[in-house]
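One structure is given below, represented as structure tokens, and several questions about it will come after.
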Amino acid sequence: MNNKLYLNQAIQLAVENVSNNGGPFGAVIINKQGEIIGRGQNRVTDCNDPTAHAEIQAIRQACENLQTFQLDTCTLYTSCEPCPMCLGAIYWARLEKVYYAADQNLAAASGFDDAFIYDEIAKHHEARSIPFHLLPLKEKVLPFKVWDQHTAKVEY
Ligand SMILES: [Zn+2]
């Protein structure tokens with residue numbers, strides 16, 4: 001019912017962000033009561049942080065506010081279709097659903113083209129524009145061994 005209202009808030013954050021040295025992206029997260037618990041704006045260039053996308057910023061703030069690492073009863077509203085990084089973060093945060101206004105084609109027309117990252121995912125690791133090399137050291141099992149045996153772990 002209020003979906004358009006929340007999505008417009010995300011768009012407003014995106015618009016305001018441009019005149020504040022940020023990229024044209026904004027996001028809000030609401031809890032199941034409909035309260036805004038996280039807001040995010042793209043701060044990549046201003047903060048020298050390539051992960052400071054609006055969705056990531058909103059997820060961080062919402063998790064901080066709720067003191068949790070899972071947002072499974074929350075909804076994300078974002079001014080633009082999430083990029084692959086944010087898509088991954090949305091799944092890790094286990095948000096209940098996502099609403100977005102602009103699609104990736106509209107973003108690409110303004111120079112924000114993330115389609116190539118989606119293309120990279122399907123490529124063989126060593127054929128990617130940033131090559132990924134598998135070095136299967138025998139020590140590779142150690143982190144999982146200690147994790148499996150750790151009795152005080154918090155699973156997620
Ligand atoms: Zn993103």
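Residue indices begin at 1 and follow the sequence shown. In listed order, ligands and their atoms are each counted from 1.
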(Q) Is it the case that the side chain of Y6 and the backbone of I36 share a donor-acceptor pair, with hydrogens and angles ignored and the cut-off at 3.5 Å? (A)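 Checked: no pair found.
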Q: For Q70 and D72, test the side chains for any donor-to-acceptor distance below 3.5 angstrom and give the result as yes or no.
A: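 Distance-only check fails for Q70 and D72.
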Q: Could you tell me whether the side chain of C80 reaches within less than 4.5 Å of the side chain of F112, counting heavy atoms only?
A: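 SC-SC contact between F112 and C80 ruled out.
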Q. Where the side chain of Q41 meets the backbone of L13, is there a donor-acceptor pair that is under 3.5 Å apart?
A.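 It does hold such a pair.
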Q. More than 12 foreign heavy atoms under 6.0 Å from NZ of K32: is that the case here?
A. no
Q. If waters are left out, how many protein N/O/S atoms lie within less than 2.8 Å of the Zn ion (ligand 1)?
A.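 Excluding waters, the total comes to 3.
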Q: Taking Q104 for its side chain and D114 for its backbone only, find out whether a donor-acceptor pair lies under 3.5 Å.
A: no
